[in-house]
Amino acid sequence: MFKAVINAEVLKDAIEAVSTLVDEAKFHITKDGISARAVDPANVAMVSFDLKAGAFESYNATDGEIGVDLTRMNDILGMTSKDDKIELNLNEETRKLEIRTGGLAYTLSLLDPTSIRKEPKVPKLELPAKIVLNGAELKRAVKAAEKVSDHMALGVVDKTFYVEAEGDLDKVRLDIPESSLISIQSTGNVRSLFSLDYLNDLAKSLGKAEKVSIDLGTDYPVNFTFNIAGGNGTVTYLLAPRIESE
Amino acid sequence: MFKAVINAEVLKDAIEAVSTLVDEAKFHITKDGISARAVDPANVAMVSFDLKAGAFESYNATDGEIGVDLTRMNDILGMTSKDDKIELNLNEETRKLEIRTGGLAYTLSLLDPTSIRKEPKVPKLELPAKIVLNGAELKRAVKAAEKVSDHMALGVVDKTFYVEAEGDLDKVRLDIPESSLISIQSTGNVRSLFSLDYLNDLAKSLGKAEKVSIDLGTDYPVNFTFNIAGGNGTVTYLLAPRIESE
Amino acid sequence: MFKAVINAEVLKDAIEAVSTLVDEAKFHITKDGISARAVDPANVAMVSFDLKAGAFESYNATDGEIGVDLTRMNDILGMTSKDDKIELNLNEETRKLEIRTGGLAYTLSLLDPTSIRKEPKVPKLELPAKIVLNGAELKRAVKAAEKVSDHMALGVVDKTFYVEAEGDLDKVRLDIPESSLISIQSTGNVRSLFSLDYLNDLAKSLGKAEKVSIDLGTDYPVNFTFNIAGGNGTVTYLLAPRIESE
């Protein structure tokens, strides 16, 4: 059983955080909330997603699993306005999700959860640096880096966080000293290189977060963690590094 | 003779109501106003259009006929702002329409009216249901239906008006009870299926109307009627049904 | 040496005035300001550009020359907001231009000035008519003319400035009498025909100028002159005429 009411914008932001990496996902439903884990087709980026029952205006569920075509879901959510309420109701018999908003009733066919790509194991990483900053600032750096290159380094030198992108001709660098960060902890200098294709996709959701927590090492995957639904949910992205060719 | 002044937005909306179905049209001019009837190239939809002399700020005309390339006309109207005044003047000698607005003078070559497709006979239909509702609501239902299918049913069950679209996988339904309609009269339940391609085209103009009157039957054409120019004009669309395959 | 600070919008408008005609340009730097002259690849239009030291919030320079890829420069400037400050610093050693704004540091590789197309000689023309008008009005006429043709005449008849475009079917004409111009001086009637492709490109910058001064003759090149940077700079376009085929 799954029957819930949620604000349209909260649901949109939550779904978008996952759909930026995968087109379909398996959601685990429990009485405490909804969660999903997925890895992108190229195995470069992973998302862990948690939306607590508290994110909903009303929430009633027993344990279950649903497979959702996120593209079709986004299509439907695109019809809503940000203050709309959305009623979700899982019809156990037909295995369809009923989505009601403003008089409109959508019936969304669900995917067979066993047909969806196996969920990844999320590796536990112990990374030497942790930087917390405003998501919009991170997004701005990604957009600037895109102008000159297709990859970007994230690093820490002496409690200053930096992003750096170097193209064949031009270079972009942003230094953010400790005083302009929300916080920084680091047991030494670190630097890893990442694909801007992926960072740009992730930046859509990261850019909306007031606080993004970055766990960083040297030539190691990076973790981006941020809250959604006013703190009633969490998204973590894990992005594999690219090998620095220099 | 035809010499008139009209508000730019009123003229834009009027022309758009016709140009959504056909690229060129023959307009009948009399001392009382302008009218046109046209059928789309595939013979699926028909428009009847009336703009009374009262829609104009000034209007002087004797009986006549002009053939207008609506695409070129829209191009010109696209240059105007909504509060602009537009002066129209038919040059009988050159058979060109002079369009003046804000100092700019356009000279639009007219089409030979005999070269334009013959005007359709508008069938008089006696349809069992009449629903009056806000045009924006109808447009919203069309937009939602498009997400899942290429056709959409309009129907009435027990004084409730509904639209319904069913795709291979998903379904959309909107029920509007009598209390949320402007009015509904029906001598029984009705239901007809229509192409969303056409409904979407018509929705551009329908969506701007405060009141759209729908005449509906079962597997019968539908009539959409609404006012333009603040009540000084009327547009009626007639749309042929599609055969329900189920 | 070149080290300067300038408002982002002022720099954007200045660069755009040149980049609308050429992709790369050689800028001359002196202690009094920056200048450039360039001709478009087809030798139809020429731009002379001057930005005085007073246009900058701070300015320190010795004589020099830099070659700039304007497309890459525009890309970077596109990231800034209109109230941003931009710091420019020429690194003499690396021959790169450092561009700093809002914490971001771009390093732009410069082009070898000798690799850039030779600067044109700007002909001194004595033209019989001089019209001064608002740039937005000129832009509006260009946009209207584009709807019907690919070339446009500029002319003066009896102290009235006009633009006229004639397509195969339709015609656009705008007459601006002396009373609606900022000023007009003319020793007789003049008329020259120009390519709308070029006029449309130039209109991007012309349309932002409060005052555009037009020097016009009959079947002769036209000069458009306007101020940038609040009067601390000047742009002059010279556009070759097309031969009137009638």
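Every chain is numbered from 1, with letters handed out A, B, ... down the list of sequences.
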What is the distance from atom [atom1] of [X] to atom [atom2] of [Y], rounded to the nearest 0.5 Å?
X	Y	atom1	atom2	result
C:Leu169	B:Asp69	CG	CG	8.0 Å
C:Arg173	B:Glu98	CZ	CD	12.0 Å
B:Leu110	C:Asp170	CG	CG	9.0 Å
B:Met79	C:Lys147	CE	NZ	6.0 Å

Over 12 foreign heavy atoms within 6.0 Å of [atom1], [X]:
X	atom1	value
C:Asp168	CG	no
B:Glu92	CD	yes
B:Lys85	NZ	no
C:Tyr162	OH	yes
C:Glu57	CD	yes
B:Asp40	CG	yes

Margin query: Does any backbone or side-chain atom of B:Arg100 lie under 4.5 Å from a heavy atom of chain C? Answer side chain, backbone, both or neither.
Written below: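 No part of it gets close to chain C.
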
Notebook entry, point to check: Tell me, side chain or backbone of B:Thr101 under 4.5 Å from chain C's heavy atoms, or both, or neither?
Noted result: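 Interface part for B:Thr101: backbone (N, CA, C, O).
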
Note to self: Determine whether a donor-acceptor pair (N or O, by modelled atom type, separation under 3.5 Å) exists between the side chain of C:Arg140 and the backbone of B:Gly102.
What the structure shows: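 Yes, C:Arg140 side chain to B:Gly102 backbone: donor-acceptor pair under 3.5 Å.
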
Next item on the list: Can you see which heavy atom on C:Ala144 is nearest to which on B:Leu104, and at what distance?
Entry: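 Closest approach of C:Ala144 to B:Leu104: CB-CD1, 3.8 Å.
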
